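Okay, so here's the structure we're looking at.
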Amino acid sequence: MLLIPCPWCGPRPENEFHHGGEAHIARPADPAAVSDSVWADFLYHRTNPQGPYAERWRHQYGCGRFFNCVRDTATDKIVVTYKPGEARPE
Amino acid sequence: MVHFSAWSLLRRAFGGAWPEQWRSPEPRDAYDAVIVGAGGHGLATAYYLASEHGMRNIAVIDKGWLGGGNTGRNTTIIRSNYLWDESAAIYEHALKLWEGLSRALNYNVMYSPRGVMMLAHNHHDVQVFRRHVHANRLQGIDNEWLTPGQAKAMCPPLEVGSTSRYPVLGAALQRRGGVARHDAVAWGYARAASALGVDIIQNRAVTGIARGTDGAVTGVETTRGSIRTRKVGVVAAGHTSVIMAMAGVRMPLESFPLQALVSEPVKPAMPLVVMSNTVHAYISQSDKGELVIGAGTDSYTSYSQAGGPHIATQTLEAICELFPSFRRLRMLRNWGGIVDCTPDRSPIIGLTPVPGLFVNCGWGTGGFKATPGSGHVFAATIARGEPHPIAAPFSLDRFRGGRLIDEAAAAAVSH
């Protein structure tokens, strides 16, 4: 089980959280204006890398807030967590 | 290749070592096609390319040993009672191939149609499974509805009492479903493919996909040199996104760890496969006597081939409620495999935006059952350069066109 540092509450066990998929995927501002390929990319296509990965978590059974997290998917080690709206740290 | 028969077994019993069942050649500089991934699906693809399409100058390449990924890690359940006609077509195609596979390969894959029973624990389950039973009847696929009493008669260790923590309100039974020996499937296909001239290259990872000025595939780069080819079939299961990224193709896939466990071996107690989607417990008994238990996926994407212990614990708690007589069994082993899940829980088989690059992936948590059918239609797709009719609905392009094949309920492992 992961120990996830919530940016507001500090480190908590994984079962307090809900995984929210890949982070930094922006919904097209005008869905009607984009092609099917762009829309499919937004809906379905994911980076799914083996290595550092920016993902969203929600502290469902804690503060209830979303945040972003960089985790290495090869080792499951969490590199950093940061608040929504902030850029992915280097 | 030694032909297996009662006579050849008897003769070997009186002396002489068994020869290796497949060759381990050094790769050639060029092949007509290269399959990336020597699991069941990849080896089956190579076998059918050689046996049905005359493509014998081909290679299967794997970063590890053959059958060492999800083929060696799954719970070996075989069934074809999915919901939609497209799914029924491919899983039933596979089931029909399973029925004659040992004879076709001259290798005992120990296919055992002992029946697969899916438990309904609430009103919603009852409605969904009965809908599946009706859909399967229209498709000509056997699937029948059982009362709790009939389910108990099929599987005596099952607790169906009304005071149970997880009451059984009924079950869907596919009698032709069952299990097969996972290693034997990989070995049988490897042996038969090798005998037809297919080179199986183990312990050599693909590190790049080379493309020409027109964008078409020209070869693969590996950890020990490059190999030229005009056709590459990617059958890399959980690592498909990583391989496809080498050709610049983004996939609608997420890779999750999926866990399984086996118990200490006991005398025969489980006459068939029992699956419970709602409380997440799969259980059957291997021929060695171990109870083979399938657990769930972790909530997060990962390539670590190890899941959180709370996932396996949850499944064991459900098993102990459903099968009280198994409560004192000890677990021998617990492991994880990386499964590639699509948004609609149906596979992707076919062409890609890159000419010469083909992909067979997205089998998610239930690919073993499809192994022969998957390899069969993928081989035809690679050989002809156009989708096999059964594979056509499972194109990568369906996500752009919105023609999804939603099997979230039938795919069973809760995601």
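Numbers restart at 1 for each chain; the letters A, B, ... are given by sequence-line order, proteins then strands. These figures come from a predicted structure and were not determined experimentally.
- Pairing each heavy atom of B:S304 with each of A:D76, the nearest pair is OG-OD2, 2.9 Å.
- At a 4.5 Å heavy-atom cutoff, the contact between A:Y53 and chain B is made by side-chain atoms alone.
- Judged by distance alone, with hydrogens and angles left aside, the side-chain atoms of B:R250 form a donor-acceptor pair with the main-chain N or O of A:H45 at under 3.5 Å.
- Residue A:S35 does not touch chain B at all, counting heavy-atom pairs closer than 4.5 Å.
- Counting heavy atoms from C-beta outward, A:L2 and B:Y300 have side chains that approach closer than 4.5 Å.
- Surrounding CZ of B:R165 are at most 12 heavy atoms belonging to other residues, nucleotides or ligands under 6.0 Å away.
- Annotation: the span from A:Y44 atom OH to B:T342 atom OG1 amounts to 10.5 Å, rounded to 0.5 Å.
- The candidate with the highest count of non-hydrogen atom pairs below 4.5 Å against chain B, out of A:R46, A:M1, A:Q50, is A:Q50.
- A:N48 places a side-chain N or O within 3.5 Å of a backbone atom of B:S255 that can act as its donor or acceptor partner.
- Within a 6.0 Å radius of CH2 in B:W65, no more than 12 heavy atoms belonging to other residues, nucleotides or ligands are found.
- With a threshold of 4.5 angstrom between heavy atoms, A:W57 approaches chain B through side-chain atoms but not through N, CA, C or O.
- The local environment of NE2 in B:H124 is sparse, with at most 12 non-hydrogen atoms from other residues, nucleotides or ligands closer than 6.0 Å.
- In the displayed structure, A:H24 atom NE2 is contacted under 6.0 Å by more than 12 heavy atoms of other residues, nucleotides or ligands.
- A donor-acceptor pair is defined here as one N or O able to donate and one able to accept, closer than 3.5 Å; such a pair exists between the side chain of A:H19 and the backbone of B:S299.
- The heavy-atom pair separating B:Y303 from A:P49 by the smallest distance is CE1-O, 3.0 Å.
- Residue B:E254 comes nearest to A:G21 through the heavy atom pair OE2-CA, 4.4 Å, listed as atom of the first residue, atom of the second, then distance.
- More than 12 heavy atoms of other residues, nucleotides or ligands lie within 6.0 Å of CD in A:E22, so this atom counts as buried by the packing criterion.
- Interface summary for chain B: among A:D36, A:L43, A:N15, the most heavy-atom pairs under 4.5 angstrom belong to A:D36.
- By the 6.0 Å contact criterion, CH2 on B:W84 is open, its count of non-hydrogen atoms from other residues, nucleotides or ligands being 12 or less.
- Few gaps surround CZ on A:F42; more than 12 heavy atoms of other groups in view lie less than 6.0 Å from it.
- A donor-acceptor distance shorter than 3.5 angstrom exists from the side chain of A:R71 to the backbone of B:T301, with no hydrogens or angles considered.
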